[in-house]
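What you see below is based on every heavy atom in this structure, not just the backbone, and it leaves out hydrogens, waters and symmetry mates. Owing to the predicted nature of the structure, the values given are computational and were not obtained by experimental measurement. Below, chain A is the first sequence line, B the second, and so on; all start at residue 1.
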Amino acid sequence: MQGRSLAFSGSHVSAQLYLNVAVSGLLTGLIYGLSALGLSVIFGVIRIVNFAHGEMMVLGMFATLVLFRALGIDPLLSLPLVAAALFAFGYVLQDLVVRRVAHLADHMQFLLMAAVAVMLISVCLMMFGPDAQGAQVSYGFDSFAIGPLLVDKVRVYAGVAALIVSGLLFAFFHYTLTGKAIRACGDNYTGARVVGLNVRRLYALTFGIGTACLGAAGAIMLLLVDVHPYLGPSYTLLAFIIVIIGGMGSLPGALLGGMLIGISEALAGVILQPSLKSAFSFGLLILVLLVRPQGLLGKVAR
Amino acid sequence: MMSRIIESASPRALALLAIVTAVLIAAPSFVNNYVLSVLIIVLYFAYVGQAWNLMLGFAGQLSLGHALFVSLGAYTSAALFIKFGVSPVVGVFAAIAVAVVAGCLIGYLGFRFSIRGVYFALLTIAFAEFTGIIVDHISWLGASSGLFLPVKNLQSNDIVNLRGSPTMFYYVILTLTGLALALCSWLLNSKLGLYWQAIREDQEAAEASGVPLFRYKMIAVAISSGLTGVGGVWYAFYYNNLFPETMFKTSQSVEIILGSVVGGVGSLFGPVLGAFVLTPLGEALTAATEGMHVDGVKSFFWGLCVAAIVLFRPQGLWPWLYDLLGLGPKREGKKP
């Protein structure tokens with residue numbers, strides 16, 4: 001509402017406001033993008049939609065919160081730890097549980113992941129209670145002034161951290177042998193087996209990498225948002241939207257989709273009502289599904 | 001048609017069906033209020049589960065947004081009743097119309113642009129959530145503070161306005177479930193049902209043999225969404241309150257499909273069986289964890305049970321029970 005009153009006070013101010021909002025939306029969008037990468041990696045290779053996506057991210061947020069409270073570690077510094085923990089979680093989950101439903105129909109996989117989601121929410125609820133809790137860092141209220149732009153320091157750090165993690169992920173998939181092997185599994189399962197790849201281990205690795213992305217995204221997100229157990233479903237839906245807009249299984253697409261959604265949500269919050277911003281994203285999703293169902297950067301759906 | 005279905009069933013299956021029906025009809029006279037309220041919820045989920053099952057189990061189209069059709073049916077009939085005093089007996093037709101239009105819109109977009117499988121499921125989710133947010137901003141429909149039906153203390157049951165005792169609601173939903181079951185059993189064995197099953201088993205092969213895919217998929221969506229909308233009308237008048245933030249949510253859709261999946265997708269009695277297993281299971285978990293006073297314990301075990309069923313009985317409980325009780329006729333192709 002404050003934004004709206006500012007917007008009417010002059011065209012110059014208004015353009016500046018929109019620019020500010022767009023930049024902060026873009027930075028938030030980078031975190032969305034990183035989280036969507038986690039979904040995209042898993043779907044692109046294992047062909048399973050992780051319906052417990054948001055809940056796993058919330059798990060990462062709570063882990064970061066614990067480290068911040070107990071040891072005073074900055075969320076950005078605990079990022080590698082949280083990512084590693086979520087990696088282990090994802091690896092074990094794929095190898096022990098998800099692997100067993102690979103041959104089942106879509107709705108069975110959906111139900112299994114939904115059950116995992118319910119259990120994760122319950123565990124968070126038992127351990128942390130239903131209230132929203134945040135990590136207040138010392139630089140929480142500082143901001144950078146770049147020309148007419150005024151950007152929150154936390155948002156800049158968060159965006160940069162998300163970019164670095166995404167960059168590492170791209171490098172991993174393109175320059176390491178394991179990364180190439182994982183992509184091979186995603187491209188052609190039978191072919192990957194024929195050339196002797198250990199598909200079971202690579203799948204577990206992939207799921208682990210996907211959830212590690214969520215851990216990293218969760219750690220970063222805690223800088224911007226207070227965490228509570230019921231936050232999960234909205235993140236899951238957001239990641240779906242982003243991944244479909246960008247193209248399922250396309251990593252640059254996920255990042256691009258994240259930025260698009262980040263900017264459009266931020267602007268919709270100013271131009272329309274904040275509560276209508278997710279309706280805006282859903283509208284965008286429906287539009288993309290109709291015009292280009294494989295997503296902006298996706299390959300033709302199989 | 002009906003007689004052929006009855007002839008093809010084994011005597012044992014018919015006897016079991018007769019006993020269960022008789023017990024359900026007589027139930028309100030010998031169970032207490034609590035058990036009756038549980039039975040009511042069981043039958044509601046059996047009904048909407050059956051409606052959902054028609055789309056996935058019969059025609060092979062996965063919807064994860066059936067909460068949309070329940071909500072549209074509920075909101076349409078409730079708004080007509082509150083604002084214009086239209087009886088739900090009339091309002092139900094409007095509710096069906098709105099739900100079918102929404103279903104056909106999603107179906108049209110999905111099937112025309114060949115959005116399949118997971119993508120189609122995500123489209124249904126998107127539509128449900130999207131509509132939820134829109135309704136959340138329509139003040140005429142109560143917006144986020146919800147829509148409430150007037151509750152009156154009546155001496156007798158008013159079936160025309162669906163105002164009355166739980167027993168009345170019990171018989172209404174029992175009748176609906178029975179009718180849906182009969183309709184589905186008839187459809188499944190009709191030419192339409194055979195086309196659906198052909199599409200479900202292999203879409204390309206069905207198309208190659210001349211099944212008009214688009215038309216038959218649209219019919220499946222239309223019937224499924226219409227039936228679900230009727231369930232929504234019942235829901236609105238039984239619960240008397242509607243909130244957009246719960247009605248349109250994916251979690252609501254999950255509840256609708258859960259019974260069918262646990263019971264067995266694609267079978268006639270799977271959704272019914274699933275509802276009869278899951279709702280009492282939930283009640284039992286509530287009772288067992290009540291003393292602990294810790295949030296989340298119940299839902300944790302609930303998730304564990306669902307995961308166990310997916311992992312260990314992926315075909316659902318019905319095929320397993322069907323064989324266990326020896327209900328099938330003694331020949332090959334023992335699909336109920």
What part of B/Leu311 is in contact with chain A, defined as an atom under 4.5 angstrom from a non-hydrogen atom: side chain, backbone, both or neither?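 Just the side chain, heavy atoms under 4.5 Å.
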
**Prompt:** With a 4.5 angstrom heavy-atom cut-off, which part of B/Val297 approaches chain A: side chain, backbone, both or neither?
**Reply:**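 Its backbone and side chain both get close to chain A.
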
Considering only heavy atoms, which portion of A/Phe280 lies under 4.5 Å from any heavy atom of chain B: side chain, backbone, both, or neither?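 Neither; nothing under 4.5 Å.
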
Task: Distance, nearest 0.5 Å, that separates CG of B/Leu258 from NE2 of A/His107 - done: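 B/Leu258 atom CG to A/His107 atom NE2 measures 11.5 Å (nearest 0.5 Å).
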
task = Specify the closest pair of heavy atoms between A/Val118 and B/Ser299, including all atoms of both residues, with the distance to one decimal.
result =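 So the minimum-distance heavy-atom pair works out to CG1-O, 3.2 Å.
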
Closest heavy-atom pair and its distance - B/Phe130, A/Ala279:
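What the structure gives for the nearest pair is CE1-O, 3.3 Å.
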
Quiz prompt | Non-hydrogen side-chain atoms of B/Val254 and A/Phe110 separated by less than 4.5 Å | solution =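 SC-SC contact between B/Val254 and A/Phe110 confirmed.
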
Structural part of A/Ile244 lying under 4.5 Å from a heavy atom of chain B: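 The side chain, not the backbone.
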
Of the listed residues (A/Ser281, A/Ala115, A/Cys124, A/Ala117), which shares the most heavy-atom pairs with chain B below a 4.5 Å separation?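 Heavy-atom pair counts peak at A/Ala115.
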
Checklist entry - Is chain B contacted by the side chain of A/Val97, its backbone, both, or neither, given a heavy-atom distance below 4.5 Å? => result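 Looking at A/Val97, backbone and side chain both touch chain B.
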
- [ ] Calculate, to the nearest 0.5 Å, the distance between atoms CD and CE belonging to B/Gln315 and A/Met108 respectively.
- [x]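 The distance works out to 7.5 Å.
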
message = Is it true that, when you exclude B/Phe214 itself, more than 12 heavy atoms of the residues, nucleotides or ligands shown sit nearer than 6.0 Å to its CZ?
response =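 Atom CZ in B/Phe214 is crowded, with more than 12 foreign heavy atoms closer than 6.0 Å.
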
- prompt: Given side chains that start at C-beta, do those of A/Phe51 and B/Thr250 come closer than 4.5 Å, heavy atoms only?
  reply: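 No, their side chains stay 4.5 Å or more apart.
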
Under a 4.5 Å heavy-atom cut-off, does chain B meet the side chain of A/Pro229, its backbone, both or neither?
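Contact with chain B is absent: no heavy atom of A/Pro229 under 4.5 Å.
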
Rounded to the nearest 0.5 Å, how far apart are CE of A/Met119 and CH2 of B/Trp302?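 Result: 12.5 Å between the selected atoms.
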
Against chain A, label B/Leu123 side chain, backbone, both or neither, depending on which of its atoms sit under 4.5 Å from a heavy atom there.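 Both backbone and side chain.
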
Checklist entry - With chain A, which of B/Ile134, B/Ile125, B/Leu56 has the greatest number of heavy-atom pairs at distances under 4.5 Å? => result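 The candidate making the most pairs under 4.5 Å is B/Leu56.
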
Under 4.5 Å, counting heavy-atom pairs only, tell me which of A/Leu111, A/Asp106, A/Leu237, A/Leu104 racks up the most with chain B.
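It is A/Leu111.
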
(Q) Does atom OH (B/Tyr216) have a neighbourhood of more than 12 heavy atoms from anything else shown, all under 6.0 Å? (A)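 Counting other residues, nucleotides and ligands, OH of B/Tyr216 exceeds 12 neighbours.
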
Interface moiety of A/Ile241 toward chain B, non-hydrogen atoms closer than 4.5 Å:
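No part of it gets close to chain B.
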
